[in-house]
There are 2 protein chains.
Amino acid sequence: MSPAPRSHQQIQALLKLRELILSGVFTPGERISELDAVARLGISRTPVRLALTLLEHEGFVSTSPGGGFIVRRFSLEDIHDSIEIRGALEGIAVRYAAERRPGDAELEPLRETVAALDTVVSRIMKEKEPAFEAFENYVEFNGRFHEQIVALAQSPMLGRSLQHVESLPFASPNAFVQLQAQTEDRTEIMLIGQVQHRSILEAIGNGEGGRAEALAREHARLARRNLRTAQQQLDLMRQVPGGTLVVSAQDLNDNKTARDAGEAAAATGQRRRTPNHHRR
Amino acid sequence: MSPAPRSHQQIQALLKLRELILSGVFTPGERISELDAVARLGISRTPVRLALTLLEHEGFVSTSPGGGFIVRRFSLEDIHDSIEIRGALEGIAVRYAAERRPGDAELEPLRETVAALDTVVSRIMKEKEPAFEAFENYVEFNGRFHEQIVALAQSPMLGRSLQHVESLPFASPNAFVQLQAQTEDRTEIMLIGQVQHRSILEAIGNGEGGRAEALAREHARLARRNLRTAQQQLDLMRQVPGGTLVVSAQDLNDNKTARDAGEAAAATGQRRRTPNHHRR
DNA sequence: CGATCACGTATTGCATACAAAATTGCGCCT
DNA sequence: AGGCGCAATTTTGTATGCAATACGTGATCG
């Protein structure tokens with residue numbers, strides 16, 4: 001009937017819940033009851049329940065032993081490993097791409113993206129106070145670059161695995177770019193990154209599979225360098241997509257001592273309910 | 001109250017549907033309607049629907065444009081790539097394991113598994129007609145080996161990604177072992193595989209991360225060799241877990257010509273309904 | 001004779017109602 | 001006074017009913 005409302009409730013529930021988790025409304029370790037979510041979203045239990053199950057597969061929540069869902073906690077090591085995994089998968093992608101020996105026409109879109117990145121990066125490096133808009137451009141073309149190398153691999157399975165890894169937002173190629181904009185050594189990092197972009201393109205064009213793979217892996221590790229920076233200033237971490245899900249070992253202990261008995265009960269596999277949660 | 005019936009309907013639905021798909025009752029490309037599944041399973045629509053959604057995330061089915069699910073088709077390239085991805089992830093796992101420099105006590109379980117594999121392999125190679133039981137033993141210890149190297153990596157994210165890849169059964173480490181039992185060059189393959197097992201263990205023990213990674217990757221490629229064997233005799237493919245989901249380019253064309261107009265309609269994004277599907 | 005529009009039917013999607021399981025709090029017994 | 005057990009309430013899990021959407025078929029008009 002109405003023009004757009006074919007957007008199903010499931011999708012709405014999924015998006016809203018993901019947003020609530022990422023924005024920190026639901027804190028890591030917190031238990032999400034269906035009724036909570038239903039009351040918050042105004043959507044009935046069936047689609048909410050389905051959305052929560054999907055979020056579990058995406059890794060945002062895990063099922064509690066007694067039933068129900070809890071928001072997952074992630075450590076800095078988890079982010080570190082996710083980046084490494086993404087690098088390995090992108091490495092396979094560019095190796096496949098190189099070994100297929102794509103024609104010039106096929107490589108043209110990637111060439112254009114790299115050229116666009118060249119322009120954006122050089123502009124950012126020239127200006128002392130780079131405009132916010134410039135970084136948005138960088139995010140756009142950087143994302144496109146990563147999409148294109150995966151597309152060039154022509155491997156549905158590879159795309160599937162990468163999509164799964166990047167469902168955790170801090171594993172995506174653009175996760176640390178906005179943060180990078182505020183760091184001191186951003187010019188150095190962007191320079192290195194752009195050299196790697198060009199080198200990967202060159203390696204694919206030359207059919208140098210091994211070189212392309214090594215480059216892609218090392219390229220991903222640039223994100224780990226940014227991660228270390230964010231690690232030192234934890235307030236920066238809050239700006240990283242999904243950064244609110246990260247709980248340091250320090251915080252973990254704090255939580256533990258704060259929740260004392262309750263946490264112990266949860267550890268024994270007991271269901272832990274939020275004590276008094278009156279609503280409406 | 002009752003001892004076991006706490007096994008929920010969702011899980012039953014998931015298991016049964018997965019079994020129906022893997023056993024070939026639902027053929028690749030076939031549309032699965034909820035009502036079909038409900039009638040077949042005797043479970044109400046809600047858990048069936050949820051199970052189908054889960055199967056979608058596992059990769060067994062995909063959503064049809066007009067709604068509903070269709071059984072996914074996999075090509076031999078998809079299997080090839082899945083194995084490569086598993087190899088890459090296991091490579092990271094053993095590199096992490098090596099770089100952690102685990103103590104002797106920590107490595108002991110892996111040592112025992114490798115020793116057990118030594119025994120099984122040497123027994124299989126001695127006998128002219130190796131007992132079926134021996135291969136079952138091999139499957140058990142081989143699976144344990146792969147579990148243990150992932151555990152040694154101590155990386156939840158890595159475990160998560162591997163679990164996702166191996167949700168497609170033909171990507172699992174043991175997928176081709178039963179098939180391997182029937183091939184001519186099984187002694188050679190098992191010999192190589194076992195040497196690799198030992199070498200990986202040695203590399204982890206010595207802290208040789210790069211070597212361990214290279215070995216794990218090459219080890220996974222043994223499965224690709226088996227895949228090539230199965231490729232030549234497509235009847236062998238039916239013995240591989242999930243092999244019924246594999247549709248060669250040849251079969252794809254056959255299906256296409258057979259379904260002619262209907263397939264064309266589906267290609268335009270129209271919903272395609274099974275014409276007359278009387279039941280009961 | 002063909003094409004288009006309208007109507008009928010079947011299937012998906014959502015919401016609610018009901019049943020079962022579990023946890024918490026209270027009471028009783030030791 | 002403390003621990004164990006029972007009961008009540010909250011919450012999850014399942015089933016069914018209803019509404020909306022989309023497809024197929026038939027009829028009518030050009």
Side-chain angles (χ1 to χ4, degrees), chain A residues 1-14 16 30-54 56 61-70 261-262 264-280, chain B residues 1-14 16 30-54 56 61-70 261-262 264-280:
Chain A
M1 181 179 61
S2 31
R6 61 175 297 282
S7 61
H8 315 295
Q9 297 286 78
Q10 312 176 7
I11 301 176
Q12 284 299 316
L14 184 66
K16 286 183 180 176
E30 180 179 351
R31 181 184 160 88
I32 300 183
S33 84
E34 288 180 19
L35 301 178
D36 264 12
V38 165
R40 231 182 260 265
L41 303 183
I43 300 173
S44 90
R45 281 182 58 211
T46 305
V48 165
R49 190 176 178 68
L50 208 135
L52 281 168
T53 308
L54 260 53
E56 183 194 1
V61 300
S62 58
T63 57
S64 182
F69 301 87
I70 59 175
T268 61
Q270 304 290 335
R271 168 148 55 161
R272 187 167 173 280
R273 187 181 309 178
T274 54
N276 275 335
H277 218 74
H278 296 296
R279 183 168 313 289
R280 296 216 166 186
Chain B
M1 181 182 61
S2 33
R6 64 174 293 282
S7 60
H8 317 295
Q9 298 287 76
Q10 313 175 6
I11 300 176
Q12 284 298 317
L14 185 67
K16 286 183 180 175
E30 180 180 352
R31 181 185 159 89
I32 300 183
S33 84
E34 289 180 19
L35 301 178
D36 264 13
V38 164
R40 232 182 258 267
L41 302 183
I43 301 174
S44 89
R45 282 180 56 211
T46 306
V48 165
R49 190 176 177 68
L50 208 137
L52 281 169
T53 308
L54 261 54
E56 183 193 1
V61 299
S62 58
T63 56
S64 180
F69 301 86
I70 59 176
T268 62
Q270 305 291 335
R271 168 146 55 159
R272 186 168 174 280
R273 187 182 307 177
T274 53
N276 277 332
H277 218 74
H278 296 295
R279 182 168 317 290
R280 297 206 176 190

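Naming: A, B, ... by sequence-line order, numbering from 1 per chain.
Place A/Arg45 and B/Ser33 on DNA chain C by their nearest nucleotides, and B/Ser33 ends up nearer the 5' end.
Contact annotation: A/Gln10 reaches the phosphate of C/dC14 (side-chain N/O to OP1 or OP2, under 4.0 Å). A sub-4.0 Å separation between OP1 or OP2 of D/dG13 and a side-chain N or O of B/Gln9 is absent. OP1 or OP2 of C/dA15 lies within a sub-4.0 Å distance of a side-chain N or O belonging to A/Ser44. Taking 4.0 angstrom as the limit, A/Arg31 places a side-chain polar atom (N or O) nearer than this to OP1 or OP2 of D/dT12.
Expressed to the nearest 0.5 Å, how far CD of B/Glu56 lies from CG of A/Leu54 amounts to 7.5 Å. Taken to the nearest 0.5 Å, the CD atom of A/Glu30 stands 7.5 Å off from the CG atom of A/Asp36. Here CD1 of A/Ile43 is found 5.0 Å from CD of A/Gln9. Values are rounded to the nearest 0.5 Å.
Regarding A/Leu14, its CG atom lies at a distance of 15 Å from the P atom of C/dG13, rounded to whole Å. Put simply, CG on A/Asp36 is 13 Å from C1' on D/dT12, counting in whole angstrom units. At whole-Å resolution of the value, CD1 in B/Ile32 and P in C/dA10 are 21 Å apart. At whole-Å resolution of the value, CD1 in A/Ile11 and P in C/dT12 are 16 Å apart. Put simply, CG on A/Leu50 is 14 Å from P on C/dT12, counting in whole angstrom units. Here C/dT16 presents its C1' atom at 16 Å from CD1 of A/Ile43, a figure rounded to the nearest Å. Between B/His8 atom NE2 and C/dA22 atom P the separation is 8 Å, expressed in whole Å. Taking atom CG on A/Leu35 and atom C1' on C/dT16, their separation rounds to 13 Å, with Å as the unit.
The side chain of A/Pro47 has C/dA15 as its nearest neighbour among D/dT14, C/dA15, D/dT12.
Heavy atoms only, all atoms of each residue included: A/Lys16 and A/Leu41 are closest at CB-CD2, 3.6 Å. For the pair B/Leu52 and B/Val61, the tightest heavy-atom approach, listed with the atom from each and the gap, is O-CG2, 3.7 Å.
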